[in-house]
**Student:** 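Okay, here's the structure, questions in a sec.
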Amino acid sequence: MKATRYEGDKTFKVIEKEMADPAAGEVRIKVAYVGVCGTDVHIYHGMMDKRVNIPVTIGHEMSGVIDAVGDGVSDYAVGDKVVVRPLDDRKVKASDKGFNHICEELKFIGIDSEGAMQQYWNVPTFTLHKLKETTDLKLAALIEPLSVATHDVRRSGLVKGETAVVLGGGPIGLLVAMVAKEVGAQVIISEVNPKRIEKAKALGFDAVSPMDVDLVEYVKSKTENRRADVVFEVAGVQPALDIMCEVAGIRGRIVMVAIHGEKKPVDLFKFFWKELSLIGARVYEKEDYEKSIELITANELPFEEMITDVQPLSNIQQVFENIDSNPDGLKVLMDCQL
């Protein structure tokens, strides 16, 4: 079988390796598609070399079909379409308070252990979510990042009739916007990349650049001066942190979606003055995956427009090089059977 290996120094190789039988409590998945995540790009850039066990097969945004089942597996059968929720919480402790998705010793499959960028992948059944037979496996590869968005929106408490401002119109930002719109909120996207603004508008969103308009005044004009009920900080840059407290209205909720690896200044006075709330949001829980599966199955949102390229697994090096040279792209999928 064909598999890929990240070997450090911005290098991936395609190798042949022996297909393994699933162990007890595992299934073997014939991987259909794997999406390239921003975290995968960070790995490619060497930013996570201290964490990943080089050489390593990465990848966690996937879809596939069960090819074989191990001893003791009764809830899944050969031929089932599935996706993997790539969280290994087997070391959960009482002190984690039951929040398995953020437990202290959580391992992220595809980063901390072998991932999906290979033709066949053995995983424990506790990671699986079953799909309907009619589910499009290309769209199903979006379920993992969509679950990030459904978790973010659920954490925000956003309800119909409220206004949400999404700071950042990349893949996760657009998915957050889609889920927020599906809830029934008015959604405004702030993005500096002209092509991403164009894409957001094509998807039916109110999208503006803070370089061209005063974002606070723009939001006020759309909300009878109330400003935003919820702000999703997805951009991960200081200007977004600066504006999030300004664009949030009285008792607004700010959801920290972006990962900030370093301490950043935030205007805490605004939290006091307007009684703002800052909400952390990390990965997802089981119910977020189930919600995402419902949305993908219904296919009433423009998910197809999120997929900007599909490449064979054998082109993995070129895929990552192209992502570096094309910041306008959204979601690249790899066909793991080619």
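Source: prediction; values computed, not measured.
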**Student:** For Phe12, which residues count as a ring-ring contact (aromatic ring centres under 6.0 Å, His included) partner, sequence neighbours excluded?
**Tutor:**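 Phe12: ring-ring contact (aromatic ring centres under 6.0 Å, His included) contacts with Tyr6, Phe320.
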
**Student:** Kindly give the heavy-atom pair with the smallest separation between Glu104 and Asp96, and that separation in Å.
**Tutor:**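 In this case the closest contact between Glu104 and Asp96 is N-OD1, 2.8 Å.
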
**Student:** Kindly give the heavy-atom pair with the smallest separation between Pro86 and Glu144, and that separation in Å.
**Tutor:**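 It is CD-CG, 4.2 Å.
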
**Student:** Working to the nearest 0.5 Å, report the span between CG of Leu276 and CG of Leu268.
**Tutor:**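 Nearest 0.5 Å value for the CG-CG distance: 10.0 Å.
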
**Student:** Linking I/L/V/M/F/W/Y whenever their side-chain heavy atoms sit closer than 4.5 Å, directly or via other members, would Leu139 and Val176 fall into one cluster?
**Tutor:**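 Same hydrophobic cluster.
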
**Student:** Do Thr150 side-chain atoms and Asp288 backbone N/O form a donor-acceptor pair below 3.5 Å?
**Tutor:**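 Checked: pair present.
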
**Student:** Are there more than 12 heavy atoms of other residues, nucleotides or ligands under 6.0 Å from atom NZ of Lys17?
**Tutor:**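 Buried by this count: over 12 neighbours within 6.0 Å.
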
**Student:** Would you say that Val230 contacts Val153 through its side chain, given a criterion of any heavy-atom pair below 4.5 Å between the two side chains?
**Tutor:**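 No - every pair of side-chain heavy atoms lies 4.5 Å or more apart.
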
**Student:** For residues Ser147 and Ile143, determine if any side-chain heavy atom of one lies less than 4.5 Å from a side-chain heavy atom of the other.
**Tutor:**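 With C-beta onward as the side chain, the pair touches.
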
**Student:** Verify the cluster assignment for Val27 and Ile293: are they in a single hydrophobic cluster under the rule of side-chain heavy atoms below 4.5 Å apart?
**Tutor:**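 Yes, because Val27 and Ile293 connect within a single hydrophobic cluster, where side-chain heavy atoms sit under 4.5 Å apart.
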
**Student:** What's the verdict on side chain to side chain contact (heavy atoms under 4.5 Å, CB included) for Thr223 and Gln186, showing C-alpha distance, side-chain angles and the deciding distance?
**Tutor:** CA-CA 9 Å; Thr223 60; Gln186 174 185 209; 4.0 Å; yes

**Student:** Which residues satisfy the side chain to side chain contact (heavy atoms under 4.5 Å, CB included) test with Arg51, sequence neighbours excluded?
**Tutor:**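 For Arg51, the residues satisfying side chain to side chain contact (heavy atoms under 4.5 Å, CB included) (neighbours in sequence not counted) are Met48, Phe108, Ile111, Asp112.
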
**Student:** Using side-chain heavy atoms (C-beta onward) and a distance below 4.5 Å, is Leu174 in contact with Ile189?
**Tutor:**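 Touching, per the 4.5 Å side-chain cut-off.
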
**Student:** Scan Lys30, Arg28, Gln119 and name whichever one has a side chain to side chain donor-acceptor pair (under 3.5 Å) with Asp67.
**Tutor:**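 Only match with Asp67 under side chain to side chain donor-acceptor pair (under 3.5 Å): Arg28.
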
**Student:** Donor-acceptor pair, distance only, cut-off 3.5 Å: does the side chain of Lys81 make one with the backbone of Thr135?
**Tutor:**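 Present.
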
**Student:** Side chains of Arg227 and Val247, heavy atoms from C-beta outward: is any pair under 4.5 Å?
**Tutor:**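 With C-beta onward as the side chain, the pair stays apart.
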
**Student:** Apply the test side chain to side chain contact (heavy atoms under 4.5 Å, CB included) to residues Val84 and Leu128: give CA-CA distance (whole Å), side-chain angles for both, the deciding distance (0.1 Å), then the verdict.
**Tutor:** CA-CA 5 Å; Val84 168; Leu128 298 178; 3.9 Å; yes

**Student:** Taking all non-hydrogen atoms of both residues, which atom of Asp324 and which atom of Lys10 are closest, and how far apart?
**Tutor:**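 For Asp324 and Lys10, the tightest heavy-atom pair comes out as OD2-NZ, 4.1 Å.
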
**Student:** Working to the nearest 0.5 angstrom, can you tell me the gap between Lys132 NZ and Thr297 OG1?
**Tutor:**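 Answer rounded to 0.5 Å: 6.0 Å.
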
**Student:** For the pair Phe272 and Phe269, name the ring-plane relationship: parallel under 30°, tilted 30 to 60°, perpendicular over 60°.
**Tutor:**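 Correct class here is tilted.
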
**Student:** Are side-chain N/O atoms of Tyr218 and Asp206 paired as donor and acceptor at under 3.5 Å?
**Tutor:**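 Short answer, yes.
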
**Student:** Please examine the side chains of Val319 and Val36, heavy atoms only from C-beta on, and report whether any two atoms are closer than 4.5 Å.
**Tutor:**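 Side chain of Val36 against side chain of Val319, heavy atoms only: contact under 4.5 Å found.
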
**Student:** I'd like to know if Glu198 pairs up with Lys201 as an ion pair, taking the criterion as any Lys NZ or Arg NE/NH1/NH2 lying under 4.0 Å from an Asp or Glu carboxylate oxygen.
**Tutor:**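 No.
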
**Student:** Minimum heavy-atom separation for Met306 and Leu142, please, with both atom names.
**Tutor:**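 Met306 and Leu142 have their closest heavy atoms at CB-CD1, 4.3 Å.
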
**Student:** How about Lys107 and Ile109: do any of their side-chain heavy atoms sit closer than 4.5 Å?
**Tutor:**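 Heavy-atom side-chain distance check fails, nothing below 4.5 Å.
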
**Student:** With a 4.5 Å limit on heavy-atom distance, are the side chains of Thr125 and Val69 in contact?
**Tutor:**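 SC-SC contact between Thr125 and Val69 ruled out.
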
**Student:** Taking everything shown except Lys286 itself, do over 12 heavy atoms lie less than 6.0 Å from its NZ?
**Tutor:**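 Counting other residues, nucleotides and ligands, NZ of Lys286 stays at 12 neighbours or fewer.
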
**Student:** Is the number of heavy atoms from other residues, nucleotides or ligands within 6.0 Å of CG (Asp214) greater than 12?
**Tutor:**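 Result for CG/Asp214: enclosed.
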
**Student:** Can you confirm whether more than 12 heavy atoms, excluding those of Lys274, are under 6.0 Å from its NZ atom?
**Tutor:**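 More than 12 heavy atoms, drawn from other residues, nucleotides or ligands, come within 6.0 Å of this atom.
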
**Student:** Between Asp136 and Lys138, is the closest basic N to carboxylate O distance under 4.0 Å?
**Tutor:**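 Result for this pair is no, no salt bridge flagged.
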
**Student:** Would you mind reporting whether Pro265 and Leu241 have side-chain heavy atoms less than 4.5 Å apart?
**Tutor:**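 SC-SC contact between Leu241 and Pro265 ruled out.
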
**Student:** For the NZ atom on Lys130, are there more than 12 heavy atoms of other groups (residues, nucleotides or ligands in this structure) within a distance under 6.0 Å?
**Tutor:**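 Correct, the count exceeds 12.
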
**Student:** Under 4.0 Å between a Lys/Arg side-chain N and an Asp/Glu carboxylate O for Lys291 and Glu182?
**Tutor:**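 Salt bridge present between Lys291 and Glu182.
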
**Student:** Which residue is it: Arg196, Lys199, Met211? I am looking for the one with a side chain to side chain contact (heavy atoms under 4.5 Å, CB included) to Glu191.
**Tutor:**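 Only one of Arg196, Lys199, Met211 forms a side chain to side chain contact (heavy atoms under 4.5 Å, CB included) with Glu191, namely Arg196.
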
**Student:** Working to the nearest 0.5 angstrom, can you tell me the gap between Glu287 CD and His151 NE2?
**Tutor:**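 Taking CD in Glu287 and NE2 in His151, the distance rounds to 8.5 Å.
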
**Student:** Cut-off 3.5 Å, side chains only: do Tyr44 and Glu321 have a donor facing an acceptor?
**Tutor:**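 Note: Tyr44 and Glu321 side chains miss the donor-acceptor criterion.
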
**Student:** Asp89 side chain to His101 main-chain N or O, any donor-acceptor pair under 3.5 Å?
**Tutor:**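 Side chain of Asp89 to backbone of His101, a donor-acceptor pair under 3.5 Å: no, none is there.
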
**Student:** Go through the steps to decide whether Met178 and Glu305 satisfy the test side chain to side chain contact (heavy atoms under 4.5 Å, CB included), and finish with yes or no.
**Tutor:** CA-CA 12 Å; Met178 287 184 192; Glu305 299 299 320; 5.9 Å; no

**Student:** May I have the step-by-step check of side chain to side chain contact (heavy atoms under 4.5 Å, CB included) for Val165 and Ile243, ending in yes or no?
**Tutor:** CA-CA 11 Å; Val165 172; Ile243 201 68; over 6 Å; no

**Student:** I need the minimum non-hydrogen distance between Ile197 and Ser209, along with the two atoms involved.
**Tutor:**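 Of all heavy-atom pairs spanning Ile197 and Ser209, the closest is CD1-CB, 3.5 Å.
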
**Student:** Once rounded to the nearest 0.5 Å, what's the spacing between atom CZ of Phe126 and atom CD of Glu26?
**Tutor:**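 Those atoms lie 9.0 Å apart.
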
**Student:** Looking only at the side chains, is there a donor atom on one of Glu304 and Asn299 sitting less than 3.5 Å from an acceptor on the other?
**Tutor:**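 Asn299 and Glu304 do have a side-chain donor-acceptor pair below 3.5 Å.
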
**Student:** Could you walk me through whether Arg253 and Glu162 pass salt bridge (Lys or Arg N to Asp or Glu O under 4.0 Å), step by step?
**Tutor:** CA-CA 11 Å; Arg253 292 101 69 196; Glu162 291 190 314; 3.0 Å; yes

**Student:** Look at atom CD1 of Ile15 and say whether more than 12 heavy atoms of other residues, nucleotides or ligands are closer to it than 6.0 Å.
**Tutor:**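 Counting other residues, nucleotides and ligands, CD1 of Ile15 exceeds 12 neighbours.
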
**Student:** Return the CD1 to CD distance between Ile250 and Glu275, rounded to the nearest 0.5 Å.
**Tutor:**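 Here the rounded value is 9.0 Å.
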
**Student:** I'd like to know if the side chain of Asp88 and the backbone of Arg90 have a donor-acceptor N/O pair within less than 3.5 Å.
**Tutor:**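 Yes; judged by distance alone, with no hydrogens or angles, the pair exists.
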
**Student:** Identify the heavy atoms of Met1 and Gln118 that sit nearest to each other, and give their distance.
**Tutor:**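 Smallest heavy-atom distance, with atoms named: CE-OE1, 3.4 Å.
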
**Student:** Under 6.0 Å from the CZ atom of Phe99, do we count more than 12 heavy atoms belonging to anything else shown?
**Tutor:**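 No, the 6.0 Å shell around CZ holds no more than 12 heavy atoms from other groups.
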
**Student:** How far does CD1 of Ile316 sit from CZ of Arg5, to the nearest 0.5 angstrom?
**Tutor:**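 Ile316 CD1 to Arg5 CZ: 11.0 Å, rounded to 0.5 Å.
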
